Structure formats: C-alpha cells, structure tokens
Amino acid sequence: LLREAASAAAGCALRPAYRAVYMYDPPGSAVPPHLDTADFELVLHIVLSHEGARPGRGSALVVHGPLRRRRLPVAAGEAVLLCGRGAVHQWEPLGPREARKMLAIGYIPARPRR
C-alpha cells in the first residue's frame with residue numbers, strides 16, 4: 001500500500017529501491033542541506049513521533065528551490081514524498097526538548113523493461 005500511495009503522489013509508477021532507514025533525531029540535532037544517495041531518488045519520509053514541539057513551531061523539512069525555500073512541517077503520523085536526488089533539502093535543528101523518529105523509504109521510478 002505504501003508503494004501505491006507513493007506512486008499516486010509522484011504521478012508515476014514507482015518501484016522499491018530496497019533501502020529504508022529508521023532515524024532517531026535527539027534534542028538539538030540537525031540535518032544540513034543535502035541531496036540523497038541514488039538509493040533514495042524518491043524518498044518517503046514517515047514521521048512516527050515528534051515530541052516536545054508546539055504544533056507548527058517545531059523542526060520542519062526545508063526544501064531549497066531555485067527561487068525560494070519551502071518549509072514543510074511534517075507532524076507525527078504524516079508523510080511526505082520528496083525527490084531526494086533532485087531537491088536540496090534539510091531538516092531544521094531540533095529544540096532542546098524536541099525529538100523525532102521517522103522512517104525514510106527509498107523508491108525509484110519504474111521504467112519499462114526492454
């Protein structure tokens with residue numbers, strides 16, 4: 001079901017990259033701007049928990065576009081599909097009482113076999 005939901009969000013068929021990571025971000029941690037590895041060409045971030053933050057005020061995903069940055073708060077129980085290889089992105093620093101657990105699942109576009 002996750003692959004189907006990710007495919008619908010992407011607007012094209014996706015196949016698994018067979019890579020996933022469980023991430024725990026403790027208080028004060030940050031993920032600097034980066035591009036993902038080839039295994040996460042498209043990445044589905046599922047936030048499992050985000051503790052210690054006021055709604056809308058905690059650490060958020062930031063996507064850096066050519067003309068502007070876009071801040072995307074992703075709450076516990078929510079997910080976001082991101083073109084990890086094609087968009088510079090980061091997670092803002094967590095506050096001193098903030099912690100987050102999430103899954104990152106890699107997908108790649110399904111291409112017709114020859």
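All of these numbers come straight from a predicted model, not from anything done at the bench.
For residues 95-106, the pairs satisfying salt bridge (Lys or Arg N to Asp or Glu O under 4.0 Å) are D25-R100, with sequence neighbours left out.
Contact annotation: the side chain of D36 approaches that of H34 to within less than 4.5 Å [non-hydrogen atoms, C-beta and beyond]. No side-chain heavy atom of R3 sits under 4.5 Å from any side-chain heavy atom of L44. No side-chain heavy atom of Y107 sits less than 4.5 Å from a side-chain heavy atom of E41. With a 4.5 Å cut-off on side-chain heavy atoms, L94 and P27 do not count as touching. Contact annotation: the side chain of I108 never approaches that of D39 to less than 4.5 Å [non-hydrogen atoms, C-beta and beyond].
Between L42 and P109, the shortest heavy-atom distance links the atoms CD1-CD, 3.8 Å. For the pair P93 and A30, the tightest heavy-atom approach, listed with the atom from each and the gap, is CA-CB, 3.7 Å.
Under the 4.5 angstrom side-chain criterion for Ile, Leu, Val, Met, Phe, Trp and Tyr, L67 has no cluster partners at all. Applying the 4.5 Å side-chain rule to ILVMFWY residues, one finds V21, M23, V31, F40, V47, L61, V63, L72, V74, V80, L82, W91, M102 in the same cluster as V43.
Put simply, I105 and Y22 are part of the same group of oily side chains (I, L, V, M, F, W, Y) that touch within less than 4.5 Å, one to the next.
Between the side chains of H64 and H89, no donor-acceptor pair of N or O atoms lies under 3.5 Å.
Atoms CD and CD, from Q90 and E92 in turn, are 7.0 Å apart once rounded to the nearest 0.5 Å.
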